[in-house]
Amino acid sequence: MLEFDIQDADLQPDQWRQELMDPACGGYVSFEGWVRDNNEGQRVLRLEYQAYAALALKEGRRILDEAQQKFPISHAKCVHRVGALDIGGMAVWVGVSGGHRDECFRACRYIIDEVKHRVPVWKKEHYVGGDSGWVNCEACAGEH
Amino acid sequence: MLEFDIQDADLQPDQWRQELMDPACGGYVSFEGWVRDNNEGQRVLRLEYQAYAALALKEGRRILDEAQQKFPISHAKCVHRVGALDIGGMAVWVGVSGGHRDECFRACRYIIDEVKHRVPVWKKEHYVGGDSGWVNCEACAGEH
Amino acid sequence: MKTVHIEYFAVLRECAGRDTEAVSTAAETPRQLYAELAARHHFPALQSIKVALNDEFSDMSAALKDGDTVVFIPPVAGG
Amino acid sequence: MKTVHIEYFAVLRECAGRDTEAVSTAAETPRQLYAELAARHHFPALQSIKVALNDEFSDMSAALKDGDTVVFIPPVAGG
């Protein structure tokens, strides 16, 4: 099973973890991205995620396919949240199961690294003090 | 928070995951070791784990301390199951939270690798056909 | 002149003040089109803008066709 | 002669047919004690046996003292 999704409701890792269970699997690795209360020295109040869904779903699926080609895993799933998130909220979840732990760790890391670089999702940080900015958009941070 | 434990009841990762939550943390990585239905070409029916608890608890705690010294993580917890486990059962759980994903992945991997090599826990595999053997004990496998 | 359908996201959506628009343009490439739109909507200078044509990654030098859906992609920041 | 308290785990527990025993021995080191017990209980040949004295990892050449708790550790296999 390889599945990439985007949703604007809270993520449900407990449920998805069960979808990855398989009697042939000895290892399971998961990653969760949580909204931190700080980023690059600024106090963050909340985040807002926006996705270009049509392309994000294709690119996310390609990343999962690549992970399965590179590493002998059995199942992988990744779901990205969009919309408003408070501190502590879960922005992204990745789960991987496979025969042994080595491929699970490598594949999980590969998936989240690639998702962060390639999947068209953007986040806007709202800071203590009222400022806000789109992350990775240095020319415009603080303007909006 | 750094905590290592051994228990003979089913592991409860959902509960422990919440103990690792922290508004300063942006990443969370967990590993679960599941009982596979096969090992080195043999069909496995079930497993039995035994621990030398007094020393295992000390050594497990040392491993968590080392992980926190090597990587800038915030919290880590590891719990190992003992007793009888069926296929699909969870034998060990590791959870790590920290500021960023890199240190969480590295620390989680470090912890499970060291636990598997250093913590005095043994497993006996029961195979289809009635044989059984203590894993990593080649001289005696199949004898008992 | 061709007509292209544009979808905006993130900082570009904020600058443009809209999610989508249909534009009549003489631009031959996404690069030319971006320059045109950046002037009109006062987009910030973005060193590494990417583009998708019809929901697939493309090239800023690709040939724009009448009826294309165009999405300019500022640096992403998921997770 | 000294008396040591021994705890058995895993394959050693199965061979010895017991969890613990108190042994009177002239052995000076865990290595000597292991040879004595292996002969008595028909332990399998274990290339990489380790030892803990009083619940801390120790050395097979350490000095055994009267009253020590001794645990021989076959290759571990957790997770």
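Each chain gets a letter, A, B and so on, in the order the sequences are listed, and its residues count up from 1.
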Portion of B:Val92 that has a non-hydrogen atom of chain D nearer than 4.5 angstrom: side chain
Polar contact flag, side-chain donor to acceptor under 3.5 angstrom, D:Glu7-B:Tyr52: no
Side chain, backbone, both or neither of D:Phe43 within contact of chain B (heavy atoms, under 4.5 Å): neither
Engaged part of B:Lys58 at the chain D interface, taking heavy atoms whose separation is under 4.5 Å: side chain
Interchain contact, B:Arg62 with chain D, by part (heavy-atom threshold 4.5 Å): side chain
Contacting region of B:Glu59 [heavy-atom separation from chain D under 4.5 Å]: side chain
Residue pair B:Leu20 / B:Met1, side-chain heavy-atom distance below 4.5 Å: yes
Within-4.5 Å side-chain heavy-atom neighbours: D:Val23 and D:Glu36: yes
Mutual orientation of the aromatic rings belonging to D:Tyr8 and D:His41 [parallel < 30°, tilted 30-60°, perpendicular > 60°]: perpendicular
B:Tyr49 portion near chain D, given a 4.5 angstrom heavy-atom threshold: side chain
Pairs of heavy atoms under 4.5 Å with chain D: top-ranked of B:His80, B:Arg81, B:His117: B:His80
Criterion side-chain contact (heavy atoms from CB on, under 4.5 Å) on B:Gln12 and B:Gln7, from CA distance to verdict: CA-CA 11 Å; B:Gln12 304 105 15; B:Gln7 69 177 43; 3.7 Å; yes
D:Val70 backbone acceptor or donor facing D:Asp68 side chain under 3.5 Å: no
Per-residue contact mode, B:Ala56 against chain D (heavy atom under 4.5 angstrom): neither
